[in-house]
Asker: 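Before I ask anything, let me first share the structure, which is written out below as structure tokens.
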Amino acid sequence: MGGRATYAAGKNVDYVYEVDTAFSPDGMWENVKILKGTKVSGEHGLPESAHSSDAYMLLDKNGNFREIRFYDKNHCLYLEIAYHKKRV
């Protein structure tokens, strides 16, 4: 799984996510940042590498769990847990 020339690869890139405060006022759950893509970026997944946290979480538009990613001390992704609805 590549980092697509991101922070973990030692390159500064524009941060295309913002904290999602729809779930909680501080945008956190159990010390995990809840992120969403910015309107400009159109991002809808989580980053391949961590900028400022050991884990990031993503909720769907209804506030339900969608994905969580955990990162190591080098900011690299090492575990992803995701819930994807079956398409019919």
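On a predicted model such as this, the values are computed, not experimentally measured, just so you know. By convention here, the first residue in the shown sequence is residue 1.
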Asker: Can you measure from OH (Tyr71) to CD (Glu80) and round to the nearest 0.5 angstrom?
Answerer: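 Nearest 0.5 Å value for the OH-CD distance: 8.0 Å.
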Asker: Can you list the residues that meet the side-chain contact (heavy atoms from CB on, under 4.5 Å) rule with Phe70, with sequence neighbours excluded?
Answerer: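 Partners of Phe70 under the side-chain contact (heavy atoms from CB on, under 4.5 Å) test: Ala55, Ile68, Tyr78, Leu79, Ile81.
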Asker: If you define the side chain from C-beta out and look only at heavy atoms, does anything of Arg66 sit under 4.5 Å from Leu59?
Answerer: no
Asker: Does one hydrophobic cluster hold both Met28 and Ile34, with members joined at side-chain heavy-atom distances below 4.5 Å?
Answerer: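 Result: no, two separate clusters.
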Asker: Rounded to the nearest 0.5 Å, what separation is found between the CZ atom of Phe65 and the CE atom of Met57?
Answerer: 7.0 Å
Asker: Given 3.5 Å as the limit, does a donor-acceptor pair link the side chain of Asp60 with the main chain of Asn62, or not?
Answerer: yes
Asker: Test of understanding: with side-chain hydrogen bond (donor to acceptor under 3.5 Å, both in side chains), list the residues that count as partners of Asp26, not counting sequence neighbours.
Answerer: Ser24
Asker: Can you measure from CD (Glu18) to NZ (Lys36) and round to the nearest 0.5 angstrom?
Answerer: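 The distance works out to 5.0 Å.
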Asker: Listed by chain and number, what are the side-chain contact (heavy atoms from CB on, under 4.5 Å) partners of Ala22, not counting sequence neighbours?
Answerer: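 For Ala22, the residues satisfying side-chain contact (heavy atoms from CB on, under 4.5 Å) (neighbours in sequence not counted) are Asp20.
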Asker: Applying the side-chain contact (heavy atoms from CB on, under 4.5 Å) test to Arg69, which of Leu77, Asp54, Leu35, Val32 qualifies?
Answerer: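 Testing Arg69 for a side-chain contact (heavy atoms from CB on, under 4.5 Å) against Leu77, Asp54, Leu35, Val32 leaves exactly one candidate, Leu77.
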